[in-house]
Amino acid sequence: MEQKCYIYSPDDSDERASKRRRIACAAGWSLREQLYGEFWAPLEHRIQTQSTLEEADSTTLEKIIKFVSGAVVAPDRQEAVIPTGLILAGSSIASHRSFFDRLGRKIVLDTGSTFVLLTSGECLNLKALVKSLIKKLTSRVGGNDDEEDEEDEEDENHTGNVSRIGPKLRDYDLVRLQEWYSKTKVDSIVVAIQDSEAFDFSVLAEMAELLSSWMDRLPFLLLFGIATSSESFQSNLSGAALRLLKGEEFNVTQADDIFEKIFCTTVGSPEVSLYLGPDLSRRLVDRQKDHVQSVQDFSDAVKYAYMCHFYANPLSVFLSQSLAFGEMPHDVWEATRNLPSFRRWVNTLLEDGRAKEVRRLLESDRYLYDNIKHHIASGQTAMFKLVSATSVLAAIRVIVQKVPHVPRSSLYIRSTSGELNGSPLIREMLLMLSKVSSDTFSSVLTSMELLQNSYVPIDIAVYRRELDALIKRNPNSTPLRSQHDVKNNSLRTTIVAQKVQLSKHKSTLSELDSSYSELVRRFHDDVENYFEETLIDPRDLFLSEILLYDLKSPLSEVFAPKPRFAIERALSSPHDYLGCDCCSSSEGALSGTQPVTAILYQLYLESGSIINVNDLWMAFHAIIGEENDESESNAMALFEQALANLKFLGLVKESKRKADHISKTTWKGL
Amino acid sequence: MLPDELLETLNDQFPCRELQIRRLSALYLPPFPSPRTLIVHGLEATGKSSIVKGVLETSSLPHAIISSRECLTGRHLFERTVASCLDALDAHSGYKIDRKPYCRCENLNALVIHLRGMLEGRERFVLVFDGIDSQREAPPTLLPALARFGEMIPNLSIVMIVTVPHPRYFYQSGIPYLHFPPYTRDESIRILSRNPPQIFLNAPEPALEYTPDLAEEDNLWVWSRFLAAVWDALAKNAARDLIGFRSLAEKLWRPFVQPIVDGTFGTRDFSRLMVHRRGLFQSEECLIDSIVPRSPILPPTSTTTPKTGPSILHDLPYYSKYLLCAAYLASHNPARTDSLYFMQTSTSRRKKRGGGAPKTRVSKTPKARKIPRHLLSPSPFPLDRLLAIFRAILPDPVPQTADIYTQIATLGSIRLLVRTGMADVLDAGGKWRVTFGWEYAAAVGRSVGFEIGEFLAGGVEG
Ligand SMILES: Nc1ncnc2c1ncn2[C@@H]1O[C@H](COP(=O)(O)OP(=O)(O)OP(=O)(O)O)[C@@H](O)[C@H]1O
Ligand SMILES: [Mg+2]
């Protein structure tokens with residue numbers, strides 16, 4: 001067989017090993033490895049549990065369960081219709097498997113049905129489909145008794161008592177299933193098709209026809225997992241097949257909603273111990289929206305970020321809470337003094353005229369250690385407050401409507417980049433807050449009470465008490481209005497003017513309203529001060545390099561490789577990779593010293609979509625011959641080798657239209 | 001002849017088939033000889049299977065019915081036949097036949113031998129092959145061979161149920177045929193009006209003096225008129241067979257009688273009800289088969305919730321949507337117009353449909369292209385063309401990362417894009433094609449703010 005693909009696996013050479021050792025001796029590598037474990041494990045756990053929680057999407061599962069247990073076959077029907085559920089599972093096909101596995105377990109547990117999952121790979125035609133359906137169902141061990149029964153039967157089979165058995169059944173004969181069913185008596189046989197779009201639709205139609213003709217003997221129920229939309233799925237099935245299937249559709253929570261929730265409860269929650277910076281977070285969020293939608297991918301990326309921080313940054317040891325001065329590796333002090341944030345800090349100290357302190361910081365490692373310890377703690381608190389403020393902001397914004405929705409992940413990104421303080425976003429929200437009516441205000445308080453693990457210095461309980469007292473005094477059912485809300489005020493006065501009997505309440509109303517307005521104003525000021533205090537720019541903090549990880553390039557190199565770009569670049573400007581002297585002079589131009597494939601590739605780039613091989617050869621020979629006067633046959637050999645390489649890379653193929661021509665199949669930069 | 005009362009029950013059960021029932025029961029009456037082979041033919045849902053089964057069950061002949069729909073291969077059919085015949089014989093005679101000799105049955109010859117063996121010295125046996133003309137993986141000589149079984153095995157009668165009897169199938173003449181003609185309008189209505197559905201789902205309160213008998217009568221009265229209306233408006237042209245007609249009528253029934261349930265009309269106000277609900281019969285929405293019942297079959301007066309677009313759209317990653325748009329354009333635009341529509345250099349991209357060049361061409365050959373491109377079937381395109389268009393239509397450039405290629409693979413595995421031809425996956429010349437239509441492409445484009453119609457060669461009608 002022709003081998004089309006090679007896996008390049010270089011030996012673990014000595015060079016690599018020594019490199020690792022060099023890092024190890026740099027500064028407490030094993031310490032940091034341990035720290036990484038401590039920091040990452042809880043976060044990973046949170047991501048996993050949260051993602052299963054969200055994806056499981058219990059309401060959808062419940063609905064499907066209800067559908068399965070409620071689907072009954074109308075007994076008087078001759079032509080049987082198969083109850084069918086269309087499960088719109090979204091385009092992130094990687095998560096379908098786990099969803100169906102969970103669904104299967106739940107169906108088996110909660111209903112009297114049995115569950116089989118079929119995938120396109122095992123069902124290339126109807127026969128294969130039925131075969132695997134039967135195999136999966138009948139090979140399942142129902143219990144000990146069943147097993148013995150089967151063994152008995154097999155024995156009979158062997159001991160020649162065949163007369164009862166008769167012709168041996170094909171392994172795609174549903175009569176087998178009928179025998180199995182008569183023993184198990186399940187309520188229904190749920191057949192789930194995991195990746196419906198990947199199936200040959202004629203197979204699905206045939207399956208529908210076959211199963212429906214068995215409906216009078218076997219209680220089938222179909223579930224289709226659909227990645228596109230139910231319309232496009234149904235438009236692929238024939239009308240006759242559709243008429244055999246009737247049921248409901250179920251929507252599984254969409255991947256982007258899940259992601260937003262997971263982001264908030266994990267990376268974007270206040271209580272993580274290593275914060276991801278704005279640039280990196282934006283990269284992660286965008287990647288989810290633009291390219292992939294997969295929680296696993298997100299988890300991997302965050303994990304890699306943690307790894308990079310702890311493995312590549314010797315100073316990350318400071319994040320350890322228990323490490324004493326003596327246990328610190330020696331070279332961290334000098335490294336710390338070279339940090340940009342250290343310099344910034346020292347400069348501010350100098351501006352304040354605290355030169356003595358600065359001197360001590362530069363001279364005494366011990367003093368530096370104490371300061372670092374102090375600043376790490378205070379920095380972490382500041383970060384905690386900052387991220388808390390983000391969640392408070394998000395919570396209030398959700399309640400105080402009329403402001404455009406901004407996802408919480410983007411609030412997190414803006415706050416960690418220090419953009420939020422005094423931003424239009426905050427001002428707008430504060431303005432709306434000053435205008436809230438009493439019922440909205442009450443829900444604002446409720447949502448703030450519900451915020452857990454966040455820094456909220458405002459005493460909500462006091463506000464709640466005062467608000468309740470005011471509401472109690474309110475004689476009518478309309479909520480109290482804040483005076484700051486001009487529009488509502490005028491609206492109410494017109495109503496009051498119309499209804500004469502209301503006018504006598506007017507004095508008490510306005511008195512109530514003004515004390516309510518006072519309350520809201522106080523709350524508004526508190527919130528304003530709170531944001532003022534907490535929304536700092538974390539990158540101004542001393543040691544922000546350690547508190548915050550915000551490097552994009554390691555992540556994008558690993559998670560978004562550019563294979564095609566790399567090949568194209570290597571071929572079109574080999575000097576970038578070779579760094580040789582001979583080619584450097586002719587930057588970006590052809591020269592005979594370049595590798596032959598690269599030369600040919602550059603000629604290839606210059607030509608049109610159909611290339612005359614002889615022309616190509618002439619051009620090639622001209623370049624090769626220019627540098628080193630190769631003999632023609634040598635050059636020809638090189639040419640053929642280069643051409644074979646291009647062909648191997650899939651860049652050219654023989655042209656069918658013209659003899660002696662090759663056609664170009666790829667263009668650079670796509 | 002069967003006793004009259006038995007015929008009577010059959011005729012009750014299957015009205016409008018007196019002739020066929022009479023003939024069948026005359027042919028398969030125990031003491032008299034039956035034809036060796038009989039071909040029963042008729043279009044879909046004309047009652048062939050049900051009536052043959054009904055008649056054979058009423059006569060006391062031993063028989064077996066093999067449904068080809070349930071047999072996946074020819075061999076499967078043979079083995080099922082042997083097994084069913086043995087079962088039927090066992091049931092009829094009351095003692096078990098030793099099945100050891102019948103274990104294997106690979107081909108038609110073996111089937112003849114087995115059948116001859118098991119019918120040796122018995123009374124007549126009727127073997128029905130239902131839908132044998134659509135048997136999967138059938139040996140080429142299946143039909144003619146089965147047609148001769150009756151000659152080879154003396155006490156066997158074969159009945160073959162087919163849709164259209166083609167004489168070529170059987171290679172012999174003189175086989176008796178029994179035709180089941182399609183039902184006419186009146187027959188269809190008569191058959192279906194035998195069991196009318198309920199108007200009131202919940203039993204009416206006893207205080208209302210609306211007895212079940214009365215309800216029954218009303219159900220029948222409204223249902224049969226309703227059936228006639230459905231036939232004349234829709235089913236006559238679109239759902240002529242019994243099953244299609246019935247499912248259509250059932251689909252429309254609930255919205256139709258809703259005003260009666262609400263109390264707007266009495267049960268006998270049929271003509272006013274018809275006028276009120278005429279919208280139901282005008283829209284052809286209900287003719288589209290779908291798994292999930294399209295709930296609002298819009299009666300024009302009621303306020304229906306606007307149909308939400310394909311829910312998937314929120315779910316695809318941003319660049320996947322652009323990839324889909326690019327693929328759609330690559331499939332529907334001719335490659336030679338690409339430079340016109342997608343060249344970055346020409347600052348004024350051709351956004352207006354039918355400007356400059358295409359227009360002049362159209363005017364030169366006025367009859368050359370009448371069909372808008374989006375109505376044509378998609379043509380295959382090489383991958384690099386997709387990528388080139390993709391980059392041309394993107395508002396901002398995107399790096400050449402592997403993510404883009406991964407998304408193409410994902411779109412391939414959910415079959416929005418498919419590779420055409422059986423070429424090797426790594427073959428350089430592989431081509432792709434889209435599987436979705438104009439509406440979907442337009443919706444996907446719109447969700448990222450891309451008006452795909454502006455880039456479609458020749459523009460879009462409407
Ligand atoms: N005359 C009739 N009276 C009552 N019901 C009928 C009559 N004819 C057909 N039906 C009903 O129509 C349905 C389809 O009938 P049946 O399956 O016998 O048709 P068929 O001709 O075998 O169709 P196919 O060619 O698709 O196999 C059955 O539910 C049957 O009860
Ligand atoms: Mg039939």
Side-chain angles (χ1 to χ4, degrees), chain A residues 4-5 78-79 84 86 88 90-91 93 126-127 130 162-168 170 172-174 195 197-198 209-210 213-214 227-232 234 239 242-243 245-249 251 254-256 287 289-293 560-565 650-651 653 665-667 669-670, chain B residues 45 50 67 69-70 72-73 75-76 79-80 82-83 86 96 98-100 102-105 136 243-244 247 289-293 310-312 314-320 382 384 387-388 391 398-407 410 413-416 424 426-429 435-437 440:
Chain A
K4 283 277 184 178
C5 180
Q78 281 279 305
E79 81 289 2
T84 304
L86 303 182
L88 301 176
S91 67
I93 43 178
L126 184 65
K127 209 167 22 169
V130 176
V162 202
S163 61
R164 209 165 59 81
I165 306 303
K168 194 161 176 356
R170 302 272 108 204
Y172 48 79
D173 194 334
L174 283 169
D195 43 353
E197 277 95 350
E209 192 202 15
L210 178 68
S213 80
W214 277 90
T228 52
S229 69
S230 70
E231 286 88 0
S232 70
Q234 294 181 43
L242 288 176
R243 241 175 282 148
L245 310 171
K246 279 282 164 304
E248 298 174 25
E249 65 184 36
N251 244 316
Q254 302 298 309
D256 44 355
R287 186 173 147 77
K289 290 209 180 87
D290 292 349
H291 295 292
V292 284
Q293 286 161 337
K562 301 176 179 171
R564 183 167 174 168
F565 173 76
L651 302 179
K653 62 173 188 179
T665 54
T666 63
W667 275 258
L670 294 177
Chain B
S50 336
S67 168
R69 285 174 80 187
E70 292 171 13
L72 300 193
T73 59
R75 191 166 168 187
H76 193 187
E79 290 176 354
R80 280 291 288 280
V82 171
L86 286 170
K96 297 219 180 294
D98 180 15
R99 298 197 171 189
K100 202 169 175 183
Y102 305 110
C103 266
R104 298 166 66 84
C105 182
R136 299 181 186 88
I243 296 178
S247 73
D289 288 303
S290 77
I291 297 177
V292 185
S311 51
I312 174 65
H314 311 288
D315 200 24
L316 283 171
Y318 177 77
Y319 288 117
S320 294
D384 262 35
L387 286 170
R391 287 183 187 278
V398 59
Q400 276 178 283
T401 61
D403 282 336
I404 302 291
Y405 314 122
T406 317
Q407 287 177 70
T410 305
S413 61
I414 57 179
R415 294 273 178 120
L416 286 171
D424 190 323
L426 291 178
D427 189 8
T435 57
F436 49 89
Y440 185 78

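Numbers restart at 1 for each chain; the letters A, B, ... are given by sequence-line order, proteins then strands. As the structure is a computational prediction, the values presented were derived from the model and not from experiment.
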Would you give the length of the straight line joining atom [atom1] of [X] to atom [atom2] of [Y], rounded to the nearest 0.5 angstrom?
X      : Y      : atom1 : atom2 : value
B:F436 : A:T228 : CZ    : OG1   : 10.5 Å
A:L210 : B:E70  : CG    : CD    : 7.0 Å
B:Y319 : A:R287 : OH    : CZ    : 12.5 Å
B:D289 : A:L245 : CG    : CG    : 10.5 Å

Handout entry: chain A contact via B:I414 - side chain, backbone, both or neither, heavy atoms under 4.5 Å
Key = both

Exercise for the section: Please look at B:S247 and chain A and tell me whether the side chain, the backbone, both or neither of the residue comes under 4.5 angstrom of a heavy atom of that chain. Expected result: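 It is the side chain, since no backbone atom gets that close.
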
Exercise for the section: Spell out, as yes or no, whether a donor-acceptor pair under 3.5 Å connects the side chain of B:D403 to the backbone of A:A560. Expected result: no

Between [X] and chain B, which part of the residue has a heavy atom less than 4.5 Å away: side chain, backbone, both or neither?
X      : answer
A:E209 : both
A:S232 : neither
A:L86  : side chain

Handout entry: Side-chain donor-acceptor contact under 3.5 Å, B:T73 with A:Y172
Key =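 Yes, a side-chain donor-acceptor pair sits under 3.5 Å.
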
Might you point out which heavy atoms bring [X] and [Y] nearest each other, and give the distance in Å?
X      : Y      : value
B:I291 : A:Q234 : N-OE1, 2.9 Å
B:Q407 : A:D290 : OE1-O, 3.5 Å
A:E197 : B:R415 : O-CG, 2.6 Å
A:P563 : B:A402 : CD-CB, 3.9 Å
B:Q400 : A:L670 : NE2-O, 2.8 Å

Less than 4.5 Å apart, side chain to side chain, heavy atoms only: is that true for [X] and [Y]?
X      : Y      : result
B:I404 : A:R564 : no
A:H291 : B:T406 : no
A:D173 : B:E79  : no

Exercise for the section: Sequence neighbours left out, what passes salt bridge (Lys or Arg N to Asp or Glu O under 4.0 Å) with A:K246? Give chain and number order. Expected result: none

Practice task
Start with the C-alpha gap between B:R136 and A:L126, add the side-chain angles, then the distance that decides, and say whether side chain to side chain contact (heavy atoms under 4.5 Å, CB included) holds.
Solution key: CA-CA 10 Å; B:R136 299 181 186 88; A:L126 184 65; 3.6 Å; yes

